[in-house]
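Data first, discussion second: the structure below is written as structure tokens.
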Amino acid sequence: MTLEEIHGQQPMPAGNDWMQGASTALHELLVSAQRRGCLTAGVYESAKLMNVDPDNVAFCVLAADQEDEGDIALQIHFTLIQAFCCENDIDIVRVNDVAKLAAIVGPSEDSGEPRDLHCILITNPNEEGWKDPDLQKLNLFCEERRNVNDWVPAITLPE
């Protein structure tokens, strides 16, 4: 019995197609979560939310550009967030283009100012029974990547 049979889903596309599918699913999930008010952006805001209500966190996105790789404080935060997500069974992915993420998520709704997008959490909405198919695709993608010891897979966002 395959994982797809267990979950009742179509078999995963091979190689690059599956990565592209995960990329599109992440884009759609971010748009949907933003619209529903289920998106928390910022390293500190995310850490506070995870500390207060970890059971409400459904998915985590860590984003860093090339120049962020040398930021030791940010890398320490990433390590702590990754450990917390693993401990609490929260799926997590990395994105290497904060500008693309900003184009999807946009500025803060409150002030219109650019916001910290190095960490984004997708939380469960207040609506009972909300099952986002893109979240399910990403959960399956993360599960498959963990099976090959890729605990925090990187996703390239679509243009």
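Just so you know, these numbers come straight off a predicted model, no measurement behind them.
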Side chain of [X], backbone of [Y]: donor and acceptor closer than 3.5 Å?
X: D53; Y: L49; result: no
X: K137; Y: A25; result: no
X: Q34; Y: V105; result: yes
X: T123; Y: C38; result: yes
X: S46; Y: G42; result: yes

Taking C-beta and beyond as the side chain, do [X] and [Y] meet within less than 4.5 Å on heavy atoms?
X: L30; Y: I120; value: yes
X: T156; Y: K100; value: yes
X: F78; Y: R94; value: yes
X: V31; Y: R35; value: yes
X: V148; Y: R145; value: yes
X: F59; Y: I92; value: no
X: L157; Y: D97; value: no

Using distance only, find each side-chain donor-acceptor pair of residues 60-76 under 3.5 Å and give its atom names and separation, not counting sequence neighbours.
residue : atom : partner : partner atom : Å
D65     : OD1  : V98     : N            : 2.9
D68     : OD2  : D65     : N            : 3.0
D68     : OD2  : H118    : NE2          : 3.0
D71     : OD1  : A73     : N            : 3.2
D71     : OD1  : L74     : N            : 3.2
Q75     : NE2  : D68     : O            : 3.3

[atom1]-[atom2] distance between [X] and [Y], expressed to the nearest 0.5 angstrom:
X: H27; Y: T24; atom1: NE2; atom2: OG1; value: 8.5 Å
X: E143; Y: N139; atom1: CD; atom2: CG; value: 8.5 Å
X: M50; Y: N88; atom1: CE; atom2: CG; value: 8.5 Å

Going only through I, L, V, M, F, W and Y residues with side-chain contacts under 4.5 Å, is there a path from [X] to [Y]?
X: I122; Y: I81; value: no
X: L121; Y: V93; value: no
X: L138; Y: L39; value: yes
X: L101; Y: L29; value: yes

* **Salt-bridge criterion met for D91 and R146 (N-O under 4.0 Å)** =>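 Answer for the salt bridge query: yes.
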
* Asked: If every non-hydrogen atom of P54 is compared with every non-hydrogen atom of I90, which pair is closest and at what distance?
  -> O-CD1, 4.1 Å

